[in-house]
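Scroll down for the structure; my scribbles are underneath it.
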Amino acid sequence: MFQLVTGQSLNAAYLFLQVEPAIRHGLKELETTNPRHAMTELALMAYLMGMGFDYRTARTIVESWETDENLLAQGILTETE
């Protein structure tokens, strides 16, 4: 176990519970889009959650990026393989 701050320990079960909503979202995305797009969204949400955003905020931010013309032009969040 790794101590983040005094009295707060970090373990795999705790981490999983924190990112599970993002994982569920990624799995649901796989039903309607390609794996690269779904995994990119999942990774971005998990990263934002690690930065301190809650799941709903992280999801909203990532979903808003799907309409960003610069990201689309670079192929970062496109739905094509």
Can you tell me how far the [atom1] atom of [X] sits from the [atom2] atom of [Y], to the nearest 0.5 Å?
X     : Y     : atom1 : atom2 : result
Met45 : Glu29 : CE    : CD    : 7.0 Å
Leu42 : Arg24 : CG    : CZ    : 12.0 Å
Leu44 : Glu66 : CG    : CD    : 10.0 Å
Glu41 : Met39 : CD    : CE    : 11.5 Å
Met49 : Ile61 : CE    : CD1   : 11.5 Å

- Task: State, to 0.1 Å, how close Gly26 and Ala38 come at their nearest heavy-atom pair, and which atoms those are.
- Result: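 For Gly26 and Ala38, the tightest heavy-atom pair comes out as O-CB, 3.7 Å.
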- Message: Check whether Thr40 reaches the backbone of Arg36 with its side chain - one donor and one acceptor, N or O, closer than 3.5 Å.
- Response: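 Checking the backbone N and O of Arg36 against the side chain of Thr40, a donor-acceptor pair under 3.5 Å is found.
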- Query: Considering residues at least two apart in sequence or located in another chain, which fulfil the salt bridge (charged side-chain N to carboxylate O under 4.0 Å, His left out) criterion with Glu63?
  - Reply: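 Salt bridge (charged side-chain N to carboxylate O under 4.0 Å, His left out) list for Glu63, sorted by chain: empty.
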- Message: Under 4.5 Å between side-chain heavy atoms, counting indirect links through other Ile/Leu/Val/Met/Phe/Trp/Tyr residues: same cluster for Leu48 and Ile23 or not?
- Response: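 No, Leu48 does not connect to Ile23 through the hydrophobic network.
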- Kindly work out whether a path of hydrophobic side-chain contacts (I/L/V/M/F/W/Y, heavy atoms less than 4.5 Å apart) joins Leu30 to Val19.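 Yes; tracing contacts between hydrophobic side chains, which count when under 4.5 Å, links both residues.
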- Using side chain to side chain donor-acceptor pair (under 3.5 Å) as the criterion, list what pairs up with Gln18, not counting sequence neighbours.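 Result, side chain to side chain donor-acceptor pair (under 3.5 Å) vs Gln18: none returned.
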- Message: Would you say that Val62 contacts Trp65 through its side chain, given a criterion of any heavy-atom pair below 4.5 Å between the two side chains?
- Response: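 The answer is yes; the side chains approach within 4.5 Å.
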- Query: Within a reach of under 6.0 Å around CZ of Phe53, are more than 12 heavy atoms found that belong to other residues, nucleotides or ligands?
  - Reply: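 No, CZ of Phe53 has 12 or fewer neighbouring heavy atoms, counting only those of other groups under 6.0 Å.
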